[in-house]
**Student:** 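I'd like to ask you about the structure that follows.
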Amino acid sequence: MKTENKKPNTSTKEIVKTLEEGLDNLFQSGKYEEWLTTMSKFHHYSLNNTLLIASQKPEATYVAGYDAWKANFGRQVRKNEKGIKIIAPVKRKKEIFKDKIDPKTGEQEFDKNGEPVKERQELIVPAFKITTVFDISQTEGPELPSLGVYELTGDVEQYELFRQALEKSCTVSIKYRNIIDGSKGSYNLVDKSITIQEDMPEIQTIKTLVHEMAHQRLHDRDTGEAANKPRDTKELEAESVAYTVCKHFNIDTSQYSFGYIAGWSQDKEMNDLKESLNLIVKTSDAIIKDVEKNFAEIMLESMRPVHVDKTFELADNKTLTIHSDSKDVYFYQIKNSEGRLIEGDQFLGTLDDLIRLKAGAVHREIVQEDKTVEVSNENTDIPLEEKSESNRRPSLLENLKAKKEQIANKDKQKENAVQKTAENIHGL
């Protein structure tokens, strides 16, 4: 599947409206009821235990005890998994002796010696103990009912350029690595960095990256205007922004996003979503604007000619001079210690490959300012400065200058093409 992202054709508010409609349809389906039934089997933890869980495993979603996972969900905790410690209530019996009261008179009873009669009573005293629970990411077994797909699959048109535009629109570092807890991404509130699960499908990577960028913009503890909201509202807002931004670029994430948002919603009326609509629209618009600007700049940069003038000192007092005005097309010459040309030719490839091939491991770049080195395509022992003008063939440098004039004539056409691309992107 190839997902296009070139021609956004709907406004942000219209996209958010489709989000509301899609969620409403999901709530009316039997799939939502099945999901609710399963979720009802999970214990609802107190505020203190919620804080304990978050402090030990911030990414935890569904939590249950070892036996509960097996009995209620058919899943098994994996070996060597480190449990999450929480406080569990227990009932303890305690015996006490109290004054006996006559049930008829309501008065205290006394024995023949005039002493108060005591009777034994058993009380249930509330107490607490430490117990262990596990997150679903620490278990294996049958999948739980889901409101959507587990992972989006498909390609995104101009994926690398689009991902670069997203990364350029983000003000914190982004890392791609294997996340062992099973999550697809995270925003670290402490070191202020985003981590994305590596090697995911292109569309899932893009959606997750936008989701975490939304967290960074909205929920950073220092700069986020929605930093103090509960976690369910934060997740709802971040995924809503991800859906809206992706949809703007014709990347459809509804199969994933609708279920994700519904799972974090407090009620079927979606009151929490409605309260966040203005914030979702504003944040989505800001990200879209940044991405469009950066995408156009990256496109322009990718079409701009590359100018290279470098000279390297090689072993045996040889020199390597490289010149280029076009990406991956380089002209080079190698001279000996007396300034005589040893080798000169055109090289197709990268600059690094050319340096590695011709200079080897030992070389030092010579910094030059406005220095023009004549390059000859004749491999002779005659010094270049002694050659007569009548016998001299056009040098590689002269040929290159002619080529530069041709490139210059095409530059205007390239710039016009880039401008047209930018104009096709909504908002520029």
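The first residue of the sequence shown is numbered 1, and numbering continues consecutively from there. Hydrogens, waters and symmetry mates are skipped; everything else that's a heavy atom, side chains included, is used.
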**Student:** Quick one: does any side-chain atom of D345 pair with a main-chain N or O of F331 as donor and acceptor, under 3.5 Å?
**Tutor:**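 Not at all, since once roles are kept as given, no pair shorter than 3.5 Å links the two residues.
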**Student:** So which of K318, K358, K335 actually passes side-chain hydrogen bond (donor to acceptor under 3.5 Å, both in side chains) with E343?
**Tutor:**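 Of the listed options, the one satisfying the test is K358.
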**Student:** Check step by step if side chain to side chain contact (heavy atoms under 4.5 Å, CB included) holds for N317 and N336.
**Tutor:** CA-CA 7 Å; N317 294 321; N336 63 18; over 6 Å; no
**Student:** What distance do I203 atom CD1 and D252 atom CG have between them, rounded to the nearest 0.5 Å?
**Tutor:**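 Here the interatomic distance stands at 7.0 Å.
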**Student:** Decide side-chain hydrogen bond (donor to acceptor under 3.5 Å, both in side chains) for S276 and E237; before the verdict, give the C-alpha distance in whole Å, the side-chain angles of both, and the deciding distance to 0.1 Å.
**Tutor:** CA-CA 7 Å; S276 299; E237 290 174 347; 2.8 Å; yes
**Student:** Under the side chain to side chain contact (heavy atoms under 4.5 Å, CB included) criterion, do D316 and S337 qualify, and how do the steps go?
**Tutor:** CA-CA 7 Å; D316 300 327; S337 60; over 6 Å; no
**Student:** Can we say D67 and K70 salt-bridge, meaning some charged N sits less than 4.0 Å from an Asp/Glu carboxylate O?
**Tutor:**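 A salt bridge is absent here (no side-chain N lies under 4.0 Å from a carboxylate O).
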**Student:** Please check if the side chain of T233 supplies one atom and the backbone of K229 the other of a donor-acceptor pair under 3.5 Å.
**Tutor:**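 Looks like no, no N/O pair under 3.5 Å.
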**Student:** Does the side chain of S284 reach to within under 4.5 Å of the side chain of I280, using non-hydrogen atoms?
**Tutor:**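 Heavy-atom side-chain distance check passes, below 4.5 Å.
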**Student:** Minimum heavy-atom separation for D220 and L189, please, with both atom names.
**Tutor:**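 Between these two residues, the closest heavy atoms are CA-CD2, 4.0 Å.
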**Student:** Could you give me the CA-CA distance, side-chain angles and deciding distance for E14 and T18, then say whether side-chain hydrogen bond (donor to acceptor under 3.5 Å, both in side chains) is met?
**Tutor:** CA-CA 7 Å; E14 290 174 335; T18 65; over 6 Å; no
**Student:** Do you know which two heavy atoms are closest between C246 and K207, and how far apart they sit?
**Tutor:**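 Closest approach of C246 to K207, heavy atoms only: SG-CA, 4.0 Å.
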**Student:** What distance do K85 atom NZ and N49 atom CG have between them, rounded to the nearest 0.5 Å?
**Tutor:**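 Answer rounded to 0.5 Å: 13.0 Å.
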**Student:** For the OG1 atom of T208 and the CD1 atom of I179, what is their distance to the nearest 0.5 Å?
**Tutor:**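 Reported value, rounded in 0.5 Å steps: 8.5 Å.
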**Student:** When you compare the side chain of K57 with that of Q138, does any pair of heavy atoms fall below 4.5 Å?
**Tutor:**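 The answer is yes, as the side chains (C-beta and beyond) meet within the 4.5 Å cut-off.
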**Student:** Would I355 and F312 count as a side chain to side chain contact (heavy atoms under 4.5 Å, CB included) if you check the C-alpha gap in whole Å, the side-chain angles of each, and the deciding distance to 0.1 Å?
**Tutor:** CA-CA 9 Å; I355 294 172; F312 298 89; 3.5 Å; yes
**Student:** Flag yes if more than 12 heavy atoms outside K175 fall under 6.0 Å of its NZ atom; otherwise flag no.
**Tutor:**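 Atom NZ in K175 is packed in, count exceeds 12.
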**Student:** On a heavy-atom basis, which atom in S193 and which in S173 lie closest, and how many Å separate them?
**Tutor:**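 Answer, listing the atom of S193 first, then S173: CB-OG, 3.3 Å.
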**Student:** When you compare the side chain of R177 with that of Q197, does any pair of heavy atoms fall below 4.5 Å?
**Tutor:**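 When only atoms from C-beta onward are counted, R177 and Q197 do not touch, as no gap falls below 4.5 Å.
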**Student:** If you define the side chain from C-beta out and look only at heavy atoms, does anything of I136 sit under 4.5 Å from F73?
**Tutor:**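 With C-beta onward as the side chain, the pair stays apart.
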**Student:** Output the distance between atom OH (Y332) and atom OG1 (T321), rounded to the nearest 0.5 Å.
**Tutor:**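 If I round to the nearest 0.5 Å, the distance is 12.5 Å.
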**Student:** Quick one: closest heavy-atom pair of Q204 and M200, and the distance?
**Tutor:**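 Scanning both residues, the minimum pair turns out to be CG-SD, 3.7 Å.
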**Student:** Using a distance-only test with no angle check, is there a side-chain donor-acceptor pair under 3.5 angstrom linking S183 and E59?
**Tutor:**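 Short answer, no.
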**Student:** Before giving the answer on side-chain hydrogen bond (donor to acceptor under 3.5 Å, both in side chains), spell out for E292 and H248 the whole-Å C-alpha distance, their side-chain angles and the decisive distance to 0.1 Å.
**Tutor:** CA-CA 11 Å; E292 288 174 339; H248 177 86; 3.0 Å; yes
**Student:** Hey, could you give me the NZ/CD distance between K79 and E81, rounded to the nearest 0.5 Å?
**Tutor:**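 The NZ atom of K79 sits 12.5 Å away from the CD atom of E81.
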**Student:** Passes salt bridge (charged side-chain N to carboxylate O under 4.0 Å, His left out), R217 versus E225? Steps please.
**Tutor:** CA-CA 8 Å; R217 295 194 181 209; E225 59 181 294; over 6 Å; no
**Student:** Taking Y62's backbone N and O only, do any of them form a donor-acceptor pair with D135's side chain (distance below 3.5 Å, no angle check)?
**Tutor:**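 Yes; judged by distance alone, with no hydrogens or angles, the pair exists.
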**Student:** For S55 and L52, indicate whether the former's side chain and the latter's backbone hold a donor-acceptor pair under 3.5 Å.
**Tutor:**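 Such a contact is found between S55 side chain and L52 backbone.
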**Student:** Is there a side-chain contact between K234 and W264, using heavy atoms and a 4.5 Å cut-off?
**Tutor:**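 K234 does not reach W264 side chain to side chain.
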**Student:** Could you tell me whether R163 and E202 make a salt bridge, using a distance below 4.0 angstrom between a side-chain N and a carboxylate O?
**Tutor:**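 Here R163 does not pair with E202 in a salt bridge, since their nearest N and O are not under 4.0 Å apart.
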**Student:** Counting only heavy atoms not in N178, do more than 12 fall under 6.0 Å of its CG?
**Tutor:**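 For N178, atom CG is crowded (more than 12 foreign heavy atoms under 6.0 Å).
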**Student:** Does the side chain of Y330 pick up a donor-acceptor pair with the side chain of Q346 at under 3.5 Å?
**Tutor:**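 No, no side-chain donor-acceptor pair sits under 3.5 Å.
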**Student:** Checking side chain to side chain contact (heavy atoms under 4.5 Å, CB included) for the pair D353/F347: CA distance, chi angles, key distance, verdict?
**Tutor:** CA-CA 10 Å; D353 287 343; F347 180 83; 4.1 Å; yes
**Student:** Is the closest side-chain heavy-atom distance between T195 and S186 below 4.5 Å?
**Tutor:**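 Contact flag for T195/S186 side chains = yes.
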**Student:** Enter the distance from N294:CG to C170:SG here, rounded to the nearest 0.5 Å.
**Tutor:**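 So the gap between those two atoms works out to 11.0 Å.
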**Student:** For F295 and F162, take the angle between the two ring planes, folded into 0 to 90°, and tell me which bin it lands in: parallel under 30, tilted 30 to 60, perpendicular over 60.
**Tutor:**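 Geometry flag for F162 against F295: perpendicular rings.
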**Student:** How far apart are the closest heavy atoms of A165 and I298, and which atoms are they?
**Tutor:**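 Nearest heavy atoms, A165 then I298: N-CD1, 3.5 Å.
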**Student:** Are F258 and Y243 an aromatic pair, judged by ring center distance below 6.0 Å?
**Tutor:**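 Yes.
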**Student:** Centres of the H211 and Y187 rings: under 6.0 Å?
**Tutor:**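 Centroid distance H211-Y187: not below 6.0 Å, so no.
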**Student:** Does any N or O in the side chain of W69 come within less than 3.5 Å of the main-chain N or O of A64, such that one atom is a donor and the other an acceptor?
**Tutor:**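 Flag set: sc W69 to bb A64 pair under 3.5 Å.
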**Student:** Regarding K192 and D222, does a basic nitrogen lie under 4.0 Å from an acidic carboxylate oxygen?
**Tutor:**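 Result for this pair is yes, salt bridge flagged.
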**Student:** Where is the tightest heavy-atom contact between L218 and L279, given as atom of each residue plus distance?
**Tutor:**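 In this case the closest contact between L218 and L279 is CD2-CG, 3.5 Å.
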**Student:** Please determine, by modelled atom types, if T12 and D285 share a side-chain donor-acceptor pair under 3.5 angstrom.
**Tutor:**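 Short answer, yes.
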**Student:** Answer whether the closest heavy-atom distance between the side chains of T132 and I84 falls below 4.5 Å.
**Tutor:**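 No. Closest side-chain heavy atoms not under 4.5 Å.
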**Student:** Quick one: does any side-chain atom of E140 pair with a main-chain N or O of R75 as donor and acceptor, under 3.5 Å?
**Tutor:**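 No, E140 side chain to R75 backbone: no donor-acceptor pair under 3.5 Å.
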**Student:** Using a distance-only test with no angle check, is there a side-chain donor-acceptor pair under 3.5 angstrom linking Q164 and Y159?
**Tutor:**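 The criterion, which ignores hydrogens and geometry beyond distance, is not satisfied for Y159 and Q164.
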**Student:** Is any side-chain heavy atom of K293 less than 4.5 Å from a side-chain heavy atom of I288?
**Tutor:**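 They are not in contact (no side-chain heavy atoms under 4.5 Å apart), so the answer is no.
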